[in-house]
Amino acid sequence: MLPFDVTAAENIQAQALLQQTERLLQEDPEMAVVYAHIRQLDPTGERFASVLRDTIDQLLNGEVTGRFDWNTLFKTERTHAGTLVEINLQREFKFADGIDMDYQISGIDVDCKYSQQFGSWMIPPEARGHLCLLVWASDEKTLWRAGLFRVSGEYLNGGNNRDLKTTIKAEHRSRIAWLWHDAELPENVLLHMPAHDRAAIFSHKSGQARLNELFRRVQNRRIGRNVVRTVAQQKDYMKRVRGNGGSRSALRNEGILIMGDYESHRRIATGLGLPSPREGEFVSTRVAQVPPHETTRRTVVLDGASWACASPDDPLVPAPSLPSHTA
């Protein structure tokens with residue numbers, strides 16, 4: 001199965017991308033082998049997306065710097081992004097070292113090129129004739145792409161930099177076999193929240209108070225570990241989320257549940273109709289007690305009572321206890 005959302009068969013662009021990829025894989029047996037191997041390692045693209053999210057967060061280094069916006073990085077840091085993506089993908093997928101290129105995938109040399117600006121991959125002269133894994137991600141658009149490209153001089157622009165690297169001609173980007181196209185990048189919540197909410201969060205002096213404000217203001221959305229790290233700016237940031245003095249206990253009297261990536265918490269989030277927290281993620285929501293067998297809202301049973309996500313009209317009541325992570 002190819003990786004695009006083709007549930008809407010009338011989507012002309014998606015159909016064109018599918019046909020383009022199928023044609024390229026038929027023309028290039030090595031590309032087809034590498035394509036199949038990567039898709040076998042990561043059928044959904046979640047592992048790849050996680051690497052990109054973690055790499056961007058690694059560069060932002062929010063725990064130390066408080067940064068959450070790619071545009072605040074130094075030029076030298078942005079230049080280093082490609083190397084980090086290359087290294088982190090190899091660590092995640094255990095790609096062997098290449099002979100002439102970065103990786104060997106199924107015995108085939110493959111170079112890896114990342115660009116924050118779509119289409120600006122810098123192709124070195126030694127990559128000609130080889131396959132390149134081209135990667136793009138945008139924190140602003142919350143999207144990413146990855147595809148395979150067979151480098152040939154006729155597909156490249158004429159201008160060269162000092163390293164004799166060049167880019168792909170725009171009209172020849174149709175030679176890219178997309179592994180994933182406009183897939184969802186785990187959201188950088190701090191970047192996308194309203195400015196007044198962000199200001200309210202960072203107005204607090206203590207890391208614990210900032211985290212409490214985060215979970216109070218950002219509800220019904222996944223909140224990644226790096227967001228928590230950036231807001232807390234403390235080494236024990238995960239402890240600041242949990243009960244026993246963390247945000248879970250601090251916000252309970254406001255009716256707010258904070259679910260983590262434990263299986264029991266995921267079941268509760270799903271039962272309430274919320275996004276299920278993925279590894280290292282949290283989802284907070286205010287809940288209200290509802291009559292048994294409530295049919296108008298999705299409910300879960302906690303502490304022997306039925307609970308649903310609260311509406312603005314629901315009275316504020318203390319939240320129930322969450323099950324232990326072993327439940």
Original post:
Does a salt bridge link R266 with E281, judged by any charged N lying under 4.0 Å from a carboxylate O?
Top reply: no
Original post:
Hey, is R216 close enough to E254 for a salt bridge, meaning N to O under 4.0 Å?
Top reply: yes
Original post:
Between D139 and R53, is the closest basic N to carboxylate O distance under 4.0 Å?
Top reply: yes
Result block: side-chain N/O donor-acceptor pairs under 3.5 angstrom for residues 100-107, not counting sequence neighbours:
residue	atom	partner	partner atom	Å
D102	OD2	C112	N	2.9
Y103	OH	E86	O	2.6
S106	OG	H37	ND1	3.4

Original post:
Can you name the residues that form a salt bridge (charged side-chain N to carboxylate O under 4.0 Å, His left out) with D182, not counting sequence neighbours?
Top reply: R145
Show me the side-chain donor-acceptor pairs of residues 307-317 shorter than 3.5 Å, one per line, residues at least two apart or across chains.
residue	atom	partner	partner atom	Å
W307	NE1	L302	O	3.1
S311	OG	D313	N	3.4
S311	OG	D314	OD2	3.2
D314	OD2	R297	NH1	2.7
D314	OD2	S311	N	2.8

Original post:
Between F48 and W144, does the ring centroid distance fall short of 6.0 Å?
Top reply: yes
Subject >> Test: R67 and D69 ion pair at under 4.0 Å >> reply: no
**OP:** Could you tell me whether E30 and R150 have a side-chain N and a carboxylate O separated by less than 4.0 Å?
**Re:** yes
Original post:
Which residues satisfy the salt bridge (charged side-chain N to carboxylate O under 4.0 Å, His left out) test with D54, sequence neighbours excluded?
Top reply: none
Original post:
Out of I38, V135, T44, which residue meets the side chain to side chain contact (heavy atoms under 4.5 Å, CB included) rule with W180?
Top reply: I38
Subject >> All salt bridge (charged side-chain N to carboxylate O under 4.0 Å, His left out) counterparts of D109, not counting sequence neighbours >> reply: none
Original post:
How would you list, by chain and number, every residue that makes a salt bridge (charged side-chain N to carboxylate O under 4.0 Å, His left out) with R217, sequence neighbours excluded?
Top reply: D197, E213
